[in-house]
Amino acid sequence: MSATAWPPPDDIDRIERALGWRPTSFHPAAPERGLSGTAARWIAGEAGDGSRSAFVKIGATGLTADWTRREYRNYQTIRGWFLPEILGFDDDGTRPVLALEDLSDADWPPPWSDDRVVAVLDAVRAIHETEPPAHLEWEEEDGEADWRAIAGDPAAFLALGLCAADWLTGALPQMRVAAGAAPLAGDALVHLDIRSDNLCIRDGRATVIDWNHARLANPDLDIAFWLPSLRAEGGPPPEAILPDGPGLAAWVAGFFCARAGQPPIADAPHVRTLQLRQAATALPWAARALGLPAPSPVQSPSG
């Protein structure tokens with residue numbers, strides 16, 4: 001591999017401190033796994049009779065450094081078979097390094113099958129049954145906030161082409177009421193970022209990564225947040241898994257619809273593209289759940 005593809009020397013030193021051994025090879029981790037464009041992600045290897053490898057991520061900006069530290073704290077305090085093995089951590093105050101087991105050889109959906117969906121549901125159930133660490137709290141949510149924001153300034157959302165302006169005008173009252181009444185609060189441990197690039201399947205069990213958004217909430221939030229991306233990747237319709245959740249459907253749709261048209265996030269440049277894909281399946285789900293007419297796209301969503 002060309003030396004230019006390696007991390008810079010200071011980062012290699014950080015990785016060595018985190019792992020306790022110095023890698024002799026590096027290659028970039030699959031870019032589709034993880035949406036941060038400014039957190040360096042590598043598969044680090046050591047050749048020889050005791051060959052070993054690790055996945056390492058480096059928080060390269062203030063935001064991704066904070067995410068990396070949060071994730072490490074959660075790995076330290078949460079226990080469960082659904083977690084990857086943590087191999088080390090180093091934080092010099094600037095670019096923290098988190099080292100985890102190398103999951104490159106695991107099965108990373110899509111495609112989805114019934115067995116894979118069940119494996120994820122089993123892992124999510126185990127997460128919700130796990131005692132949450134003391135540092136996590138419920139964060140108060142205004143369930144109506146996203147739809148209220150869209151109502152106040154619908155231009156960015158309508159520019160996505162997911163529905164016509166007259167459909168939005170007719171749907172907004174019910175969306176706002178349903179999302180405002182969504183059961184969000186709870187005391188269960190939730191990951192709150194379940195999607196295919198954050199999980200893989202090994203030996204019939206799902207391993208869940210990227211724990212920087214974990215919090216306390218209604219456990220159904222994890223399922224509801226996952227279902228739009230699952231559908232977008234060829235999985236079952238959301239109501240096949242969460243058949244009676246109109247409030248959560250409206251809230252999730254509002255979350256993605258309110259964000260997909262916003263300017264790109266410098267530290268996570270791929271997020272808006274993913275949010276558009278999720279909005280494109282979440283909005284029809286919410287409409288079905290509330291008995292509204294289907295939102296006919298006025299153009300094919302791009303991205």
Tell me whether T64 contacts the main-chain N or O of G59 through its side chain, where contact means a donor paired with an acceptor under 3.5 Å.
no
Ion pair R17/D91, N-O distance below 4.0 Å:
no
About how many Å separate CD of E131 and CD1 of I78, when rounded to the nearest 0.5 Å?
11.0 Å
Check whether the ring centres of W251 and W285 lie less than 6.0 Å apart, and answer yes or no.
no
Decide yes or no on side-chain contact (heavy atoms from CB on, under 4.5 Å) for N212 and T68, but give the supporting numbers first.
CA-CA 7 Å; N212 54 294; T68 303; over 6 Å; no
Calculate, to the nearest 0.5 Å, the distance between atoms CD1 and CG belonging to I194 and L192 respectively.
9.0 Å
Are the side chains of P183 and N218 in contact, using a 4.5 Å heavy-atom criterion?
yes
Are any of the side-chain heavy atoms of N198 and H191 separated by less than 4.5 Å?
yes
Residues R259, D146: salt bridge by 4.0 Å N-O rule
yes
Flag the pair F89 / Y75 as yes when their ring centroid distance falls below 6.0 Å, and as no otherwise.
no
Are E101 and R52 within salt-bridge range, i.e. N to O under 4.0 Å?
no
Can the ring centroids of F256 and F157 be said to lie less than 6.0 angstrom from one another?
no
Steps toward side-chain contact (heavy atoms from CB on, under 4.5 Å) verdict (L83, W211):
CA-CA 9 Å; L83 294 169; W211 280 82; 3.4 Å; yes
Rounded to the nearest 0.5 Å, the SG atom of C257 sits from the CE atom of M175 at a distance of 7.5 Å
Could you state the interatomic distance from CG (L230) to OG1 (T281), rounded to the nearest 0.5 Å?
9.0 Å
Are V120 and W81 connected in a single hydrophobic cluster, I mean Ile/Leu/Val/Met/Phe/Trp/Tyr linked by side-chain heavy atoms less than 4.5 Å apart?
yes
Are E239 and R288 within salt-bridge range, i.e. N to O under 4.0 Å?
yes
Between R41 (side chain) and P28 (backbone), is there a donor-acceptor pair under 3.5 Å?
no
Should I223 and L121 be marked as a side-chain contact (heavy atoms from CB on, under 4.5 Å) after you check the CA-CA gap, both sets of side-chain angles, and the distance that decides it?
CA-CA 8 Å; I223 302 298; L121 291 172; 3.6 Å; yes
Show your reasoning for whether side-chain hydrogen bond (donor to acceptor under 3.5 Å, both in side chains) applies to S104 and D102.
CA-CA 6 Å; S104 301; D102 179 9; 2.5 Å; yes
Is any side-chain heavy atom of V190 closer than 4.5 Å to one of H213?
no
How many angstroms lie between atom OG of S53 and atom CG of L87, to the nearest 0.5 angstrom?
9.0 Å
Distance-minimising heavy-atom pair for H128 and A188
O-CB, 4.1 Å
Taking atom types as modelled and ignoring hydrogens, do the side chains of E233 and S196 form a donor-acceptor contact shorter than 3.5 angstrom?
yes
Of all heavy-atom pairs between W167 and P293, which one has the smallest distance, and what is that distance?
NE1-O, 2.8 Å
Run the salt-bridge test on R22 and E46 with the 4.0 Å N-O cut-off and return the result as yes or no.
no
Regarding H135 and N74, is there a side-chain donor-to-acceptor distance under 3.5 Å anywhere?
yes
Using the rule that two of Ile, Leu, Val, Met, Phe, Trp, Tyr join whenever any of their side-chain heavy atoms come within less than 4.5 Å, decide whether V177 and L248 are in one cluster.
no
Are I86 and I127 linked, directly or through other ILVMFWY residues, by side chains that come within less than 4.5 angstrom of each other?
yes
List the atom of A119, the atom of I201, and the distance in Å for their closest heavy-atom pair.
CB-CD1, 4.0 Å
Under the criterion side-chain contact (heavy atoms from CB on, under 4.5 Å), I'd like the reasoning laid out for L184 against W138: C-alpha separation, chi angles, the key distance, then a yes or no.
CA-CA 9 Å; L184 307 179; W138 159 249; 3.6 Å; yes
Decide, yes or no, whether a salt bridge links R70 with D66 under the criterion of side-chain N to carboxylate O below 4.0 Å.
yes
Quick one: does I15's side chain get under 4.5 Å of I58's, heavy atoms only?
yes
Any salt bridge linking R205 with D203? Criterion: basic side-chain nitrogen under 4.0 Å from a carboxylate oxygen.
no
Please examine the side chains of V252 and F225, heavy atoms only from C-beta on, and report whether any two atoms are closer than 4.5 Å.
yes
Would you say the side chain of P96 lies within less than 4.5 Å of the side chain of Y72, judging by non-hydrogen atoms?
no
Can you give me the closest heavy-atom contact between A286 and A253, atom names plus distance?
CB-CB, 3.8 Å
Just wondering, do L168 and P154 contact through their side chains at under 4.5 Å, heavy atoms?
yes
Given side chains that start at C-beta, do those of R272 and Q262 come closer than 4.5 Å, heavy atoms only?
yes
Nearest 0.5 angstrom please: D220 CG to I241 CD1, how far?
12.0 Å
Between D92 and R14, does any side-chain N to carboxylate O distance fall below 4.0 Å?
yes
Electrostatic pair R148:D142 at N-O distance under 4.0 angstrom:
yes
At their closest point, which heavy atom of W108 faces which heavy atom of L199, and how far apart are they?
CE3-O, 3.2 Å
Derivation of the salt bridge (Lys or Arg N to Asp or Glu O under 4.0 Å) call for D107 and R202
CA-CA 7 Å; D107 293 328; R202 296 183 304 175; over 6 Å; no
Which pair of heavy atoms, one from L290 and one from A178, lies closest together, and at what distance?
CD2-CB, 3.7 Å
Among Q275, R277, Q278, which one satisfies side chain to side chain contact (heavy atoms under 4.5 Å, CB included) with S229?
Q278
